[in-house]
Amino acid sequence: MAAISVEPCTFALFGALGDLALRKLFPALYQLDRANLLHADTRLLALAREPGSAQEHLTTIENHLRRHVADADLEPAALGRFLGRLSYQHLDFLQPEGYLALAEQAPAELPLIAYFATAAAVYGAICENLDKAGLAGRTRVVLEKPIGHDLESSRRVNDAVARFFPESRVYRIDHYLGKETVQNLIALRFANSLFETQWNQNSISHVEITVAEKVGIEGRWGYFDKAGQLRDMIQNHLLQLLCLIAMDPPSELSADSIRDEKVKVLKALAPITGDGLSTRVVRGQYIAGYSDGKPVPGYLEEDNANAQSDTETFVALRADIRNWRWSGVPFYLRTGKRMPQKLSQIVIHFKETPHYIFAPEQRLQVGNKLIIRLQPDEGISLRVMTKEQGLDKGMQLRSGPLQLNFSDTWRTARIPDAYERLLLEVMRGNQNLFVRKDEIEYAWTWCDQLIAGWRNAGDAPKPYAAGSWGPMSSIALITRDGRAWYGDI
Ligand code: BG6
């Protein structure tokens, strides 16, 4: 029996036949239903503009569900119940007429959740049409990224939505905020007194955030090439992680208290300009190499690629936060496609002891590290120094983990996908895990200035072989400061 009560709603998914909906959103809704987290009166409405019959499209959705949900989780009773809630409506998002039919399917006494899994260019038109159909007053809108490609375009999208919806009913998705370990990061920091006293420049030397993907562009070349890794990953996911690590404790667990603190961090980020463009940031683009031992093409040889593109598929940078807590503590961010493995992790490096008394050659491994792994094998581990066991070992030191591996510790519990949590929180009307307009704007301001710097300097991305950890200069970026990426030593 679910411990959380969820009110009933009508959940309308715009762009229901798109990749995100089929691969992530319907499976997440199914898992919520299976866990008894959808109210019995909740109805799911798939909306798309593709031609074809409703039956045909419902079959497509069901087929994808069977493909993307683990076999062990496909329970006939749960699947039957889920499909029983689901209906399909053909809708041209730009034409107001179809929205009357939508209104008829959405009982007036229930909130309507309108999830936009469509291009941001049509968000404004959808909002206007929801308003014309008399639906805006009881609707929460959920906006997928990317919201624009720079500050100006993101403002245009947000302003178009704000004409019809107050901020309190706008839910901007950054799916990293729904990941289990990211949630745990908040618990770790603010439910344990142990860390907070150490969480500053007195005790921490630097922080690393790595989000590496093994995959390449996966048929999304057209989209990705206009964005690049800075806009696609740093502007949102990595900066959100940085904010959660760096923010001051909020005064309460409300959405705005948390978001106010995150905004302060974004405002304090030092712009990367001038010499910093060559010493503090590295752009890379993968060339042909190997993934899992098999040859794979370079970015410019992918399907539909434009061979002249200078879009980056890798970024490493050093971010500095200008405030008392973090003065002199660099945050090294690194993210790329076609890396050797899929790995998202944050490593907090604590300072060395003030006076070192052990053998000099062991000095490099000294220093506690808190490792927060988002994927794979979600877990938190604190590396502490101990002595090697045995009479013959003298005072030989060893760095070992105090470990909390979520899947080992709670073997029975399935780790939910980020979208399950986010969809549940929208249904509960809780904005904690969603990004506020000003967060997006400050993140864009910081990224825009970096992109402008690249453009003015005519900076070309450095090549790196697919299956490697990025260009050599990304190693120099951190070794220049006398440090190394975790795992490299
Ligand atoms: C998306 C990006 O936001 O995040 C993709 O647009 C990227 O390019 C994806 O592949 C990574 O998400 P995850 O959860 O697999 O790390």
Side-chain angles (χ1 to χ4, degrees), residues 15 18-25 27-28 31 68 115-120 142-150 154 171-185 209-244 283-286 291 296 299 302-305 309 311-315 333-346 372-379 406 415-423 433-435 439-440 443-444 447 461 466 470:
D19 183 60
L20 178 73
L22 295 173
R23 224 164 27 85
K24 290 283 188 185
L25 302 178
Q31 293 287 9
H68 296 295
Y115 194 117
F116 301 167
T118 66
V142 187
L143 314 184
E144 255 301 334
K145 76 172 262 274
I147 299 179
H149 58 273
D150 58 11
S154 83
Y171 292 71
R172 293 182 195 81
I173 295 261
D174 182 314
H175 77 278
Y176 267 57
L177 295 181
K179 289 187 190 274
E180 190 72 11
T181 320
V182 176
Q183 291 296 287
N184 246 308
L185 181 56
I209 304 178
T210 294
V211 177
E213 290 183 86
K214 196 151 88 175
V215 293
I217 295 307
E218 303 281 277
R220 295 194 306 153
W221 209 93
Y223 156 74
F224 185 86
D225 196 61
K226 286 194 213 89
Q229 197 72 356
L230 185 84
R231 291 187 174 99
D232 190 45
M233 298 295 286
I234 300 247
Q235 189 272 343
N236 36 75
H237 308 322
L238 279 91
L239 285 185
Q240 282 292 326
L241 296 178
L242 177 144
C243 285
L244 291 173
R283 304 169 75 208
Q285 188 186 70
Y286 66 84
S291 180
V296 290
Y299 178 69
E302 297 277 10
D303 288 346
N304 304 318
S309 168
T311 297
E312 78 284 349
T313 59
F314 173 96
V315 178
L333 274 46
R334 171 172 69 157
T335 178
K337 310 277 184 218
R338 279 279 183 240
M339 308 264 95
Q341 63 182 109
K342 183 163 179 76
L343 172 76
S344 301
Q345 81 179 6
I346 300 166
I372 301 159
R373 212 171 33 245
L374 274 53
Q375 55 195 14
D377 306 328
E378 292 85 344
F406 296 155
I415 294 184
D417 184 76
Y419 277 101
E420 292 171 40
R421 180 179 311 281
L422 295 175
L423 293 177
L433 303 181
F434 298 87
V435 186
E439 287 180 74
I440 302 244
W444 273 127
C447 289

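The model shown is predicted, which means the values in this text are computed figures rather than measured ones. In listed order, ligands and their atoms are each counted from 1.
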**Item:** Reported NZ-to-CD1 distance for the pair K145 and I173, which is rounded to 0.5 angstrom
**Value:** 11.5 Å
**Prompt:** Can you tell me the protein heavy atom closest to atom 5 (C) of ligand 1 and the distance?
**Reply:** R220 NH2, 3.2 Å
**Asked** Under 30°, 30 to 60°, or over 60°: which ring-plane class applies to Y171 and F434, parallel, tilted or perpendicular?
**Response** perpendicular
**Prompt:** For ligand 1, which atoms have a heavy atom of K337 less than 4.0 angstrom away?
**Reply:** 5 (C), 7 (C), 8 (O), 10 (O)
**Asked** Looking at H175, which atoms of ligand 1 are within less than 4.0 Å of one of its heavy atoms?
**Response** 1 (C), 3 (O), 4 (O), 12 (O), 13 (P), 14 (O)
**Prompt:** Taking all non-hydrogen atoms of both residues, which atom of L433 and which atom of L177 are closest, and how far apart?
**Reply:** O-CD1, 3.4 Å
**Prompt:** Which atoms of ligand 1 have any heavy atom of Q375 under 4.0 Å away?
**Reply:** 13 (P), 16 (O)
**Request:** Give the atoms of ligand 1, by number and element, whose distance to some non-hydrogen atom of K179 is under 4.0 Å.
**Result:** 13 (P), 14 (O), 16 (O)
**Asked** Taking the six-membered ring for Trp, are Y299 and W221 parallel (under 30°), tilted (30 to 60°) or perpendicular (over 60°)?
**Response** parallel
**Asked** ligand 1 and H237, any nitrogen or oxygen pair closer than 3.5 angstrom?
**Response** yes
**Asked** What atoms of ligand 1 come within less than 4.0 Å of a heavy atom belonging to D232?
**Response** 2 (C), 5 (C), 6 (O), 8 (O)
**Complete:** In ligand 1, the atoms that come under 4.0 Å of a heavy atom of E213 are 7 (C), 10 (O), 11 (C)
**Residue pair K24, D19: steps toward the salt bridge (charged side-chain N to carboxylate O under 4.0 Å, His left out) verdict** = CA-CA 8 Å; K24 290 283 188 185; D19 183 60; over 6 Å; no
**Message:** Less than 4.5 Å apart, side chain to side chain, heavy atoms only: is that true for V211 and M233?
**Reply:** yes
**Request:** Rounded to the nearest 0.5 Å, what's the gap from OG1 on T313 to CG on L230? Could you check?
**Result:** 12.5 Å
**Item:** ligand 1-proximal atoms of F224, by part, heavy-atom distance under 4.0 Å
**Value:** neither
**Message:** Only heavy atoms of K145, strictly under 4.0 Å: list the atoms of ligand 1 that pass.
**Reply:** 1 (C), 2 (C), 3 (O), 6 (O)
**Prompt:** Side chains of E378 and T181: do they bring a donor and an acceptor to under 3.5 Å?
**Reply:** no
**Item:** Protein contact to atom 15 (O) of ligand 1 [nearest heavy atom, distance to 0.1 Å]
**Value:** K342 NZ, 2.7 Å
